Structure formats: structure tokens, C-alpha cells
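Remarks on the structure that follows.
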Number of protein chains: 2
Amino acid sequence: MKPLDPIKKRRVTLKLVADRAGVHASTASRALNPVTRSMVLPSVAQKVLDAAQELGYHPDPVAASLRTGRSKLAAILVPDISNSVFAPILSGASERLATEGYTVIVADVGSDKDKQLNIASGLMARRVDGFILATVSKDDPLVAFCLEQNIPAVLVNRAEAQSRLSSVVSDDELGMQMAVDHLVSLTHKIIGHIAGPAQHSTGYLRRRGFGRAMARHGLTENSPCQIAKSYSRHEGAHAARRLLDSHPQVTAIVAANDLLALGVYDVFRERGINCPAEISVVGHNDMQLVDMIEPPLTTIRIDHHEMGRQAAELLRQVIENPDKAKHNVTLQPILIVRSSTAAPRKPKPQTRSER
Amino acid sequence: MKPLDPIKKRRVTLKLVADRAGVHASTASRALNPVTRSMVLPSVAQKVLDAAQELGYHPDPVAASLRTGRSKLAAILVPDISNSVFAPILSGASERLATEGYTVIVADVGSDKDKQLNIASGLMARRVDGFILATVSKDDPLVAFCLEQNIPAVLVNRAEAQSRLSSVVSDDELGMQMAVDHLVSLTHKIIGHIAGPAQHSTGYLRRRGFGRAMARHGLTENSPCQIAKSYSRHEGAHAARRLLDSHPQVTAIVAANDLLALGVYDVFRERGINCPAEISVVGHNDMQLVDMIEPPLTTIRIDHHEMGRQAAELLRQVIENPDKAKHNVTLQPILIVRSSTAAPRKPKPQTRSER
DNA sequence: ATGAAAGCGCTAACAA
DNA sequence: TTGTTAGCGCTTTCAT
């Protein structure tokens, strides 16, 4: 004599629906799945659909997943969810994936490659249908992992030199070109660069873009560069100090991203340097709120929301057709001029002796 | 004659492990599960563990889930992942849940209640073990849903008046008390409030906290308030305009959150009002970067990371013991004084005629 | 302490 | 076109 359980109501199963419609479970299954619906008489299909409706049937994705090996689950791996650059990427991607019927798992996986791999295999065990990776660095083991496991994956924001996977990134070189052109048009001649870590494509490509743009203006000799250890305000400040110590003559600094530019601001404050009167600064990303800081930051805007959207779309395509040719999408950034850039102050005659 | 598939390597199943260890699958299952391991001879358990190790066995959570009804999946619902307030909550909660073996699904569910309910039932179908809700407003249908479905859930950041579920929030009234005390100590007497939407506990409680604090100082008559339609810079500006138009005498404004305070800044800029010389401003949340804006914002800091952590911990407890008594955790905020607050300018004799 | 057997809810190969 | 059957990989009675 089992105690009956009045609280937990029974799950509505496919069998229940089938019984009510007077057909076999497999027929009900076919009727319910739009793809296989044509295998079933329209009249029967309608009966099944009605029965499902009446009973409030919701297919069990877990059971389906066990059976089919697919899950309608997509995972997005970010190195740091607190970094606000990723927020619009996530919302763009989630939005798109949700409309395609995917449930999105956002995993904050940190920067430790072993940890990342662990988390990725955990998700594989859950049979996620694909990954969007916002984490990759040069020769990333995660990419190797996805290739090995033969699981659909696309890169977003950061890519690889060898494009082993499809990707959506901003045109980092072009962005730097824009930044440099803008400064040169303001008649700057000695422009420093605070680069991001070289193992990230953003760090590497933006640095290259900076170098090329300066070369194009014949300013190669006047383009000192310091590489920040990470994309953080703290490391940005660190690099800025090194840059200013070694090249006090710079009249402008191009930072590889906004966080680094904020670090530059910190150093300006610390040393009483006026921006843009004494030194101009350009950031990269147009992170939220950089229009509110003082001075409002001139920067390169990337449409991260669109980036997420396109990555999601690409992933969907790869999931549907794993042999799809790789696509490397490059988004056009735009220059946003605010108040951190201005023409350089005319060098006072006694400038040299001043220090 | 089936074509053999040299690419897709076979999944290592429990049966495989059992065979290799020379036991039955059920024994292997018992040996692998720490909880049931004691039902098995230590020597046998060891053999199974070794076999699993050698084969690189990973239990299939999908199959386990189908069988047990549990999933080791936890979902966090946020209204807007782009709002940077949620980032530290998410990372705090994810971190904690991950160490407990949960995989976290972050769902960006928007503000539409029907959409939220749809997404929640979708996740229920996936058999998530529990929800963390960062979305709730007054009498939220999502809370009713969780109660009905009898699924573990805890609230974070925003709570309900009737505490139908456990929650972790900041002490919103205390925060406002701190803000008002600070301004009063600077000798402000006429202080306005830009409130958040009343259907959110943060909006309602902060407003009440403001009113009570002003009353405590005997300033009830001098505490005009405007309610913003949403927590956004835009609505903050809107409310600020209304406040300044109706009460031009205010010397300080307490905003219900930082985003609203930024809107106030926008209006100051638009009207040429100097902050803090003419009007002081206090925010709430200590969102990232508000120390960089001009002037750096005095605000109430909430430890959102800790908030997420504690919500996760609470959720774990509720999942383990659904009959656990409700806990309503209140975190202490702290006042962060920066440069948006100062003593009010001494009213010039001709102030009144000036306008 | 271990094995046998059933079944979670679904889908798909096969048969009719 | 529909039903039969088997099984995805696991856990959990039940029997031994």
C-alpha cells in the first residue's frame, strides 16, 4: 500500500498524449515533431496535437537528449563575466540562440586553461550541441579540444591566427588605423601604444595595426610601445608609467582597450598630466560609461551585441551542418571622437630643458 | 554490414567499466557514487575506481538525470545581463555553485513576466534543480510559479515584501540612512530623492529609507521625491529634470542607484549645474567605473559578489533540504565618499531674486 | 555484498 | 501510414 502523493503531480508523458489521441507513442512522437509530421495523416496529427494541448504536454528534453545525443543546449565560455565587454556579446548571442530554441549555458571559466578544459568536458558530458568561445588565445587547447571531440564551436571577439574554427571578430587592425589616423589628423607625431597581451589576437593584431598605421604615416621611429600583462586598469597604469618614463615626449597614447586607457588616466592623475591638453588618449571597445568619465574617452566602438548575434548564427549553422566551410567574419568598428583627444600643445621653446 | 565509424569514438559507459572490473553495472554504480560506496566491499570499490580511471570514465549526467529526476543544473534568471550590477552577482553565484558540482545556466529573461514564465518552465523541463531569481518585483508570478511547482528557489538583490522564499539582499533602508546622514553631516537641509520603480523592493525600500532618514533629522518637509520609471540613465535624467523644476532649492540629491545618478549628472551638464559645488549627488551600488566619472560618485557600496555567493549557498541548502526554514539574509552596505558630495554653497543673500 | 531486472521518456530502425 | 521493439546510460528496488 503505497502512500499516494497528492502534491507532486505526474509529469505528462508522450504515452499519455498518445493514449488520449488513441495512437501509439511513436505516432504521437512523429506528429509532434514538425520534421516528421508529414509521416502521419494530417487528421491523426491534429488529434495528437489537440491531445497534447489539452494535457499541457511538454516534451522532456532530457529523455530526448539521452536518445538522440543532441540537447538543444549551447554553451558560451567567457574568461570573466564581470568584464563588461562580454555582457553585450552574451546578450546578443543568448537572444539569437533562444529564438532558435536553444537553452544557453554561460560558463565563467576564468583564464586557467586546465580549468577551462575541465569545464568544457563537463559540458560535453551534458551533450551540449556547441560552444561559443570568447576565451581563446594563441594555440588555444580549447580549440584543439573542440576539434578532437568534433564538437561544433565558433570563436568570438578573439580569434586564432590559423583559423581552425569559424569566428566573429572586430577588424582590430582597421580600428587601430582609425585611431592613429585620427591622432595624426590632429597633427600628433609621437604616439605611444599600450598593447594588450600578445597571446590574444586582439593584443597582437591591434599592436600590428598600430605599427602599420604609424608606418603608413612615416612615423615608425616615433611609435614606442609597452605591452600590458592583462587587459586591466591596473596593468594599463603599469604600462603607461613605463611608456611615459621611457618616452616623455609622446603627445598621444593609443591603448589596446578601454580598461587599459583607464589605467592611463590613473597615471595622468597621479602625475598631474592634463588630458587632452598635454597628452591625448584613445581607447578601444567603447565600453559602457566611458562617455561619462573625465575626459570622455575617444575610442573605437565595436558592436559587441551584433558580434554575439552573428556568432550564435554561425554556431547554429555549424551545428546543423558540421561540414560547413569555415567563415571568419570581421565586423567594422567605428571611431567615436570624444574629449580625450585634441591637437598637441605647441612645444614651448624651453620644453627640452624643462625636465 | 554496418559501416564502421573510425571517427566518433565510443562513449565510455558504466557497463564498460563494470565489465573491466569484473562486476555488474549496478555494483559499479554503487562503487562510483560516494554515497553508496559503503554498500560495496572496499576491495571491489577500488577495482571499479581503477577501471573507471583507466578507461577515462565520465558519468553521463543526462542519463542520470532521466533516472533520478535531478540534474545538478542550477539556473540564474536576470532581467538584463548587460546591466553591470548583475555581473558580480553572477560570478559570485557561479563560482559557489560550480564548487558544489552544479552547472549554471544563466538566462537573460528580460522584464516581460510571460516570457520569464515561459523560460522558467523550459528550464523546469530540463529538470534544473533550482532557481536563483534576480528579477522579482512585487507579487511576482515567478515566485508563485516556483512555489506551485515546488522547485527550490531563492531571491537575490530584490526581494518580496512577504517573504515566500529565502533571499539575499542589501539593507536598502540602511543604505539610504547612510546617504542621508552623510549629506546632513555636510549641513544639507533640502535633499531630493530620485526613486526607483516602486514594484521593485529596491525602489520601494530605498524610498522608505530615505523618507525615514529625513524624518529622523526633522527634514520631512524638505524631501521632494521623483520616481523613475526604470533603473536607467535616461529615466534618471527625466526624473532629475522634474525634481529640479519643481524644487530648484535642493542642494543635494540621493539617487536610488548609480545609473539614475548618472542621469542626474547628464541633467547637470545640460543645465550647467556644478556638482558638488551647487548640488551634491549620492548614488547606490558602487557600480564599476563610477569612481572614474567626473566628479567621482559618492555612493553606497553593496558587495554583490558576496550576495551571489550567499544566494548560491542558500539555494544549495534548499535543494538538499526543501523543508528548510526560510532565511532572509541582509547584507550591510557601506558608504563610499568620493567627490560628488560637499557642503552646500552658502546661500547668497540675493538667491531668492536670482531666479 | 552483489546481481538481476525494470524503467526514467523518448526516438528510430524495422516490420507490417 | 502506423505499430512494434529496442535501447540511449543510468539508478534503484528486489531478490539472492
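Letters A, B, ... mirror the listed sequences (proteins, then strands); counts begin at 1. Owing to the predicted nature of the structure, the values given are computational and were not obtained by experimental measurement.
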>> Tell me the closest heavy-atom pair linking B/L165 and B/N328, and the distance in Å.
In response: O-ND2, 3.5 Å
For the pair made of [atom1] in [X] and [atom2] in [N], what is the distance, rounded to whole Å?
| X | N | atom1 | atom2 | result |
| --- | --- | --- | --- | --- |
| A/R67 | D/dC10 | CZ | P | 16 Å |
| A/Y57 | C/dT11 | OH | P | 6 Å |
| A/K72 | C/dT11 | NZ | P | 13 Å |
| B/R127 | C/dG9 | CZ | C1' | 8 Å |
| B/K15 | C/dA4 | NZ | P | 10 Å |
| B/L66 | D/dT12 | CG | P | 12 Å |
| A/L14 | C/dC8 | CG | C1' | 14 Å |
| A/M39 | D/dG3 | CE | P | 14 Å |

Per [X] side chain, nearest of listed nucleotides [options]:
| X | options | answer |
| --- | --- | --- |
| B/R30 | D/dT13, C/dG9, C/dC10 | D/dT13 |
| A/H24 | C/dC10, D/dT4, C/dT2 | D/dT4 |
| B/R70 | D/dG9, D/dT12, C/dT2 | D/dT12 |

> Does B/S26 put a side-chain nitrogen or oxygen below 4.0 Å from OP1 or OP2 of C/dG3?
Replying inline: no
> Can you check whether A/S29 has a side-chain N or O nearer than 4.0 Å to OP1 or OP2 of C/dC10?
Replying inline: no
> Starting at the 5' end of DNA chain C and moving along, which residue's nearest nucleotide shows up first, B/T68 or A/N33?
Replying inline: B/T68
>> Assuming nearest nucleotide by heavy-atom distance, tell me which of B/A25 and A/P61 is located more 5' along DNA chain C.
In response: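 Looking at DNA chain C, the more 5' nearest nucleotide goes with B/A25.
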Contact class for [X] (heavy atom, under 4.0 Å): base, sugar-phosphate, or nothing?
| X | answer |
| --- | --- |
| A/L41 | sugar-phosphate |
| B/V62 | nothing |
| B/T13 | sugar-phosphate |

>> Measuring from atom CD1 of A/I319 to atom NZ of A/K324, what distance do you get when rounded to the nearest 0.5 angstrom?
In response: 12.0 Å
> Would you say the side chain of B/V143 lies within less than 4.5 Å of the side chain of B/L155, judging by non-hydrogen atoms?
Replying inline: yes
> Is the shortest side-chain N to carboxylate O distance from B/K72 to B/D129 below 4.0 Å?
Replying inline: no
> Should the pair A/R309-A/E313 be classified as a salt bridge under the 4.0 Å nitrogen-to-oxygen rule?
Replying inline: no
